[in-house]
Amino acid sequence: GRTPLGDKLTMEDLFSGPLGVNVMTTLLRSALSASFMAITYTGRWASCRGALPQPFVVFFTAAAALSAPRGKRALTVGLTLLTLRTVAEALHGYLYGDEDWEDEDLYRHPDKEGQQQRDGYKEEE
């Protein structure tokens with residue numbers, strides 16, 4: 001799609017505009033936005049910090065969803081995502097070893113840093 005000025009339409013443009021007065025339009029737009037965010041987060045989770053490229057995750061998940069029998073589609077997609085996460089974890093461990101494996105660097109707490117300094121713990125830089 002294109003904007004009225006002829007520019008390319010981005011996902012931000014789709015979701016950032018003013019909401020219509022119709023309740024169904026607002027509901028569908030909110031559902032689409034929430035499902036887009038859920039799919040994006042799930043793909044990021046399954047790729048394990050980019051160890052497995054996200055296009056592979058999307059391709060294999062879509063292939064599993066399309067080829068699964070009707071009653072087992074959710075189970076097949078769930079097992080595919082779990083398998084992809086396992087492969088990505090193994091690949092991450094092979095590529096980076098123990099480096100950057102823990103999430104302590106992402107979720108630091110100020111009190112914990114003060115306790116580590118009092119205990120004589122010093123990070124290597």
Side-chain angles (χ1 to χ4, degrees):
R2 299 268 181 195
T3 63
L5 298 175
D7 297 330
K8 276 189 168 181
L9 193 61
T10 63
M11 292 306 271
E12 290 86 19
D13 293 337
L14 285 175
F15 297 126
S16 67
L19 296 176
V21 293
N22 190 348
V23 173
M24 286 306 292
T25 305
T26 304
L27 182 65
L28 287 174
R29 188 178 194 174
S30 298
L32 181 64
S33 176
S35 60
F36 180 73
M37 288 185 340
I39 290 169
T40 302
Y41 176 75
T42 304
R44 206 175 290 151
W45 173 81
S47 72
C48 188
R49 296 184 185 166
L52 189 65
Q54 285 187 5
F56 289 144
V57 172
V58 171
F59 174 77
F60 285 116
T61 305
L66 293 174
S67 65
R70 286 190 180 192
K72 309 244 182 206
R73 188 160 290 152
L75 177 66
T76 304
V77 169
L79 287 175
T80 301
L81 286 170
L82 192 60
T83 303
L84 289 171
R85 174 66 185 206
T86 304
V87 169
E89 289 272 358
L91 190 60
H92 187 277
Y94 176 74
L95 291 175
Y96 301 109
D98 289 338
E99 175 185 323
D100 193 34
W101 193 258
E102 297 295 326
D103 289 335
E104 291 177 3
D105 293 335
L106 297 175
Y107 306 107
R108 287 188 183 225
H109 193 274
D111 293 339
K112 187 176 180 183
E113 288 179 10
Q115 180 66 34
Q116 289 172 350
Q117 289 176 357
R118 286 191 297 271
D119 293 342
Y121 174 78
K122 186 174 182 180
E123 287 187 8
E124 297 177 20
E125 294 185 20

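W45 and V87 fall into different hydrophobic clusters, defined by Ile, Leu, Val, Met, Phe, Trp and Tyr side-chain heavy atoms under 4.5 Å apart, directly or through other members. Criterion: ILVMFWY side-chain heavy atoms under 4.5 Å apart, direct or through other members. Under it, V77 and V57 are part of a common hydrophobic cluster. Residues F56 and F59 share a hydrophobic cluster, clusters being chains of Ile/Leu/Val/Met/Phe/Trp/Tyr side chains in contact below 4.5 Å. Note: the hydrophobic cluster containing L52 does not contain V58 (ILVMFWY, side chain heavy atoms under 4.5 Å, direct or indirect links).
Atoms SG and CG, on C48 and L84 in that order, are 11.5 Å from each other to the nearest 0.5 Å. Separating the CG atom in L82 from the CZ atom in R85 is a distance of 9.5 Å, to the nearest 0.5 Å. Note that CE of M37 and OG1 of T40 are 8.5 Å apart. Values are rounded to the nearest 0.5 Å. Rounded to the nearest 0.5 angstrom, T80 OG1 and L75 CG are separated by 9.0 Å.
Atom CZ of R44 has 12 or fewer neighbouring heavy atoms from other residues, nucleotides or ligands inside a 6.0 Å radius.
Residues S47 and A88 share a closest heavy-atom pair of O-CB, 3.6 Å. Considering every non-hydrogen atom in both A46 and L81, the closest pair reads CB-CD2, 4.0 Å.
T83 places a side-chain N or O within donor-acceptor distance of the main-chain N or O of L79, the cut-off being under 3.5 Å. Remark: side-chain polar atoms of S30 are not paired, donor with acceptor, to backbone N or O of L27 under 3.5 angstrom.
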